[in-house]
Amino acid sequence: METVYLTHNQNQVFLDIEPCVMVLGFFDGVHIGHQCVIHTAKKIAEEKNVELAAITFFPHPKEILNHVEKPFRYITPMSDKEETLAGLGIDKLYVIEFNRELAALPPKSFIEHYVIGLNAVHVVAGFDFTYGNKGEGNMDTIGLDGNGRFQVTKVQKVTCGDQKISSTLIRETLGKGEVEKIPDYLGDFYETQGEILIDTIIQEKGKVRAYLTTKPGYTLPSIGWYSIEVFFLHQIFAGTSSVQLLDNGVVVNEIELEGFKPKDNNTLLKIKWLNRIDECENKNPVNKNRLREFSTSF
Ligand SMILES: Cc1cc2nc3c(=O)[nH]c(=O)nc-3n(C[C@H](O)[C@H](O)[C@H](O)COP(=O)(O)O)c2cc1C
Ligand SMILES: Nc1ncnc2c1ncn2[C@@H]1O[C@H](COP(=O)(O)OP(=O)(O)OP(=O)(O)O)[C@@H](O)[C@H]1O
């Protein structure tokens, strides 16, 4: 998959672009609803024998338009989104910088400049996709804005029970620590990536305990204890993790793993959050002195 980063410039002209089926949206987390949009588009691209492309944005419009408290919490960083989209068959990913200039662009201009400009012959998006200034363009207006230059497929709402599967629902679920519900929305357990802080390692009775710094662009689940799986050098380790709040307001993550031998600093781990451990089970107790000792490392 090729990724093309674009910053809005009215005079920019795209040349020699292959015809494509284009999916549109932010796609944070690439959840089951997003996957349905992409699968639908992939089938059409195969039938039409053209490339499959996606237009997404960065940062999230809500972050720029102050619709939410800062910092805005992403489910995954852009690098994970790229990897997942490539795995789903996207050939070309256009990442348009979302800034105030782009936000002010009228819906029809967005369609003309980007969707037609990037040679979409067919557009696929979900039932609630919006675009253009004040989000006034939607799946009922997109055909008119396109002046018949492309076909449109609107994907119906994908739900879990009676809830729309959405990035917002996933962020809220992580905020409640209900990580065991995440596979119903994402299609898999939630994963984060973090680096071990080597100075914080304690090894006892075949177990390793250490603090991690989570890579930017992920959202740790709420304060509490969780059972986890850790992926490191093609091996899987079972363990637990606590998410703790430091006095300075920083949220940290301490893991305890069996049979794990960390190599050196910058050891990057993938953590799969399986379920919240409730009160009666074994938890690694918070050692306040240890937290204080290392709090400057985070
Ligand atoms: C050109 C353009 C201008 C936009 N302007 C606004 C805006 O003024 N206010 C707003 O809330 N969202 C605005 N958006 C964001 C869209 O409403 C929407 O969040 C974005 O296209 C991503 O779609 P999705 O949330 O359905 O994935 C704009 C989007 C585009 C592409
Ligand atoms: N549950 C769903 N069913 C069908 N289409 C969906 C669903 N969720 C999102 N989409 C579509 O996927 C694309 C990307 O959507 P978007 O990134 O806004 O997801 P979202 O989950 O609605 O995000 P948020 O909760 O942050 O608003 C859009 O075309 C959108 O309409």
Side-chain angles (χ1 to χ4, degrees), residues 6-10 12 21-42 44 52-69 72-76 78 80-81 84-85 88 90 93-118 120 122-142 145-146 152-175 182 184-187 190 219:
L6 300 170
T7 299
H8 184 63
N9 170 358
Q10 202 63 56
Q12 179 180 42
V21 172
M22 184 74 84
V23 294
L24 304 171
F26 191 81
F27 301 112
D28 190 18
V30 198
H31 57 61
I32 292 172
H34 298 150
Q35 292 166 27
C36 182
V37 171
I38 296 162
H39 286 315
T40 305
K42 187 170 166 52
I44 298 169
L52 179 58
I55 289 181
T56 191
F57 309 96
F58 192 81
H60 196 288
K62 286 180 185 159
E63 188 170 19
I64 297 303
L65 299 169
N66 298 325
H67 290 175
V68 285
E69 300 152 36
F72 180 79
R73 300 203 164 272
Y74 291 89
I75 300 169
T76 65
M78 180 59 79
D80 283 23
K81 180 155 92 177
T84 314
L85 293 178
L88 290 170
I90 302 283
L93 176 65
Y94 297 101
V95 184
I96 308 176
E97 182 185 350
F98 197 91
N99 53 28
R100 289 193 174 270
E101 201 189 340
L102 186 81
L105 196 64
K108 196 170 167 57
S109 307
F110 170 73
I111 296 300
E112 284 170 351
H113 191 82
Y114 290 101
V115 178
I116 296 173
L118 294 169
H122 199 127
V123 168
V124 181
F127 69 104
D128 61 352
F129 173 71
T130 56
Y131 60 93
N133 189 229
K134 301 194 172 71
E136 278 173 345
N138 58 50
M139 291 305 277
D140 296 328
T141 61
I142 197 165
D145 285 343
V152 176
T153 296
K154 171 163 83 173
V155 174
Q156 294 311 311
K157 177 159 58 172
V158 178
T159 57
C160 179
D162 55 4
Q163 278 179 303
K164 177 198 158 192
I165 295 178
S166 70
S167 305
T168 305
L169 176 64
I170 293 167
R171 289 185 205 109
E172 287 169 359
T173 306
L174 289 171
I182 298 287
D184 289 343
Y185 312 144
L186 274 186
Y190 184 53
T219 295

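The analysis underlying the following values was restricted to heavy atoms, covering all of them including side chains, and did not include hydrogens, waters or symmetry mates. Indexing begins at 1, ligand by ligand and atom by atom, following the structure's order.
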Work out whether the distance between some heavy atom of Y114 and some atom of ligand 1 is less than 4.0 Å. no

L65 and ligand 1 - part of the residue with a heavy-atom distance under 4.0 Å: side chain

Less than 4.5 Å apart, any side-chain heavy atom of T173 and any of Y185? yes

For F26, the ligand 1 atoms with a heavy-atom partner under 4.0 Å come out as 27 (O)

Please state whether F57 comes within less than 4.0 angstrom of ligand 1, counting heavy atoms only. yes

T130 neighbourhood, listing ligand 1 atoms whose heavy-atom distance to it stays under 4.0 Å: 16 (C), 17 (O), 18 (C), 20 (C), 21 (O), 23 (O), 26 (O)

Does some side-chain heavy atom of L102 sit less than 4.5 Å from a side-chain heavy atom of Y114? yes

Ligand-side contact atoms (ligand 1) for residue partner A103, heavy atom cut-off under 4.0 Å: 3 (C), 4 (C), 5 (N), 6 (C), 8 (O)

May I ask you to decide whether K154 forms a salt bridge with D140, counting only side-chain N to carboxylate O separations under 4.0 Å? yes

Show which atoms of ligand 1 fall inside a sub-4.0 Å distance from at least one heavy-atom site of G25. 27 (O)

Centroid-to-centroid, F58 to Y74, below 6.0 Å? yes

In V30, V124, T84, V155, the residue satisfying side-chain contact (heavy atoms from CB on, under 4.5 Å) with I38 is V30

Compare all side-chain heavy atoms of V158 with those of K164 and state whether any distance is below 4.5 angstrom. no

Whether T56 side chain and G25 backbone form a donor-acceptor pair below 3.5 Å: yes

Could you list the atoms of ligand 1 found under 4.0 angstrom from a heavy atom of N133? 3 (C), 4 (C), 5 (N), 8 (O)

Is the shortest heavy-atom distance from the side chain of D184 to the side chain of Q163 under 4.5 Å? no

Applying the ring pair (Phe, Tyr, Trp, His ring centres under 6.0 Å) criterion to H60, which one of F27, F72, F98 satisfies it? F72

What atoms in ligand 1 come closer than 4.0 Å to a heavy atom of G135? 6 (C), 7 (C), 9 (N), 13 (C), 17 (O)

Heavy-atom contacts under 4.0 Å between F98 and ligand 1: side chain, backbone, both, or neither? side chain

For a quick check: using heavy atoms under 4.0 Å, what are the residues in contact with ligand 2, sorted by chain and number? L24, G25, F26, F27, H31, G33, H34, V37, H60, K62, A125, G126, F127, D128, F129, Q156, K157, V158, K164, I165, S166, S167, T168, R171

For K134, the ligand 1 atoms with a heavy-atom partner under 4.0 Å come out as 5 (N), 6 (C), 7 (C), 8 (O), 9 (N)

Which option, S167, G132, G137, S109, owns the non-hydrogen atom nearest atom 30 (C) of ligand 1? G132

Can you list every pair that meets side chain to side chain donor-acceptor pair (under 3.5 Å) and has a residue in residues 22-31, with sequence neighbours left out? D28-R171, H31-H34

Please compare F127, F129, Y131 and report which has the shortest non-hydrogen distance to atom 23 (O) of ligand 1. F129

Mutual orientation of the aromatic rings belonging to F110 and F57 [parallel < 30°, tilted 30-60°, perpendicular > 60°]: tilted

Are any non-hydrogen side-chain atoms of L88 and Q35 less than 4.5 angstrom apart? yes

